[in-house]
Amino acid sequence: MLTLTSLGDHIAAGRTAKRWTQAQLAEKAGISRPTLAALENGRAAELGFSKVSRVLAALGLELKLQEANQSRPTLEDLLNREDDDDQGMGRRS
C-alpha cells in the first residue's frame, strides 16, 4: 500500500535522479518549494490530487490503481499450489 511517506520518498528519489533541486521541481510542477518539501517529507496530508499529479507528471511518473489483495495466502495455500504445479508437470512428491 502506498502511503503519503512512501509517495514522498518516490518523488524525492525521482527528483534526485534527475539532479533537480526542490525549487526546480516545484517550478516545473507549478507549486511552491515548501509544499514540495512537505510532500517529500510526508507532511502534506491536505495537498490535493491535482498538485500531486503535476509533480508526478513533471518527473515522468504516474500513479496506477489496482485492487488490493484482500487476503494473503496462507503457507498451506502456497504449499498446495506448489503440489498442484508439480503434479501438472508429471512429477510426484
Side-chain angles (χ1 to χ4, degrees):
M1 181 165 133
L2 186 66
T3 65
L4 186 57
T5 300
S6 62
L7 177 60
D9 291 343
H10 285 288
I11 290 171
R15 177 181 58 77
T16 302
K18 292 187 178 292
R19 298 177 185 219
W20 291 347
T21 64
Q22 284 182 339
Q24 288 171 315
L25 176 54
E27 183 179 335
K28 293 175 188 302
I31 64 172
S32 70
R33 195 215 48 83
T35 298
L36 177 61
L39 176 59
E40 286 188 359
N41 291 300
R43 295 188 321 259
E46 299 298 323
L47 185 60
F49 183 75
S50 174
K51 289 180 181 179
V52 172
S53 65
R54 290 196 317 254
V55 170
L56 293 173
L59 291 169
L61 300 173
E62 64 183 20
L63 286 177
K64 290 187 179 183
L65 299 178
Q66 67 183 38
E67 284 191 37
N69 186 359
Q70 297 299 324
S71 64
R72 298 179 78 174
T74 64
L75 178 58
E76 184 178 351
D77 293 336
L78 295 172
L79 290 172
N80 286 337
R81 285 186 204 161
E82 187 176 292
D83 287 344
D84 290 344
D85 290 344
D86 287 347
Q87 288 177 8
M89 299 289 288
R91 291 179 262 162
R92 293 191 177 239
S93 305

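Throughout, residue positions are numbered sequentially from 1 according to the sequence presented.
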Smallest separation among heavy atoms of Leu61 and His10, with atom names
CD1-O, 4.4 Å
So which atom in Thr35 and which in Ser32 form the shortest heavy-atom distance, rounded to 0.1 Å?
OG1-OG, 2.7 Å
Please give me the minimum heavy-atom distance between Leu36 and Ile11, naming the atom from each residue.
CD1-CG2, 4.1 Å
For the pair Arg54 (side chain) and Ile31 (backbone), establish whether a donor and an acceptor sit closer than 3.5 Å, ignoring hydrogens and angles.
no
Heavy atoms only: give me the nearest Leu25-Ala58 pair and the separation to one decimal.
CD1-CB, 3.7 Å
Main chain of Gln22, side chain of Arg33: is a donor-acceptor contact present, judged purely on distance under 3.5 Å?
no
Check whether more than 12 heavy atoms from other residues, nucleotides or ligands sit under 6.0 Å from atom CD of Gln24, and answer yes or no.
yes
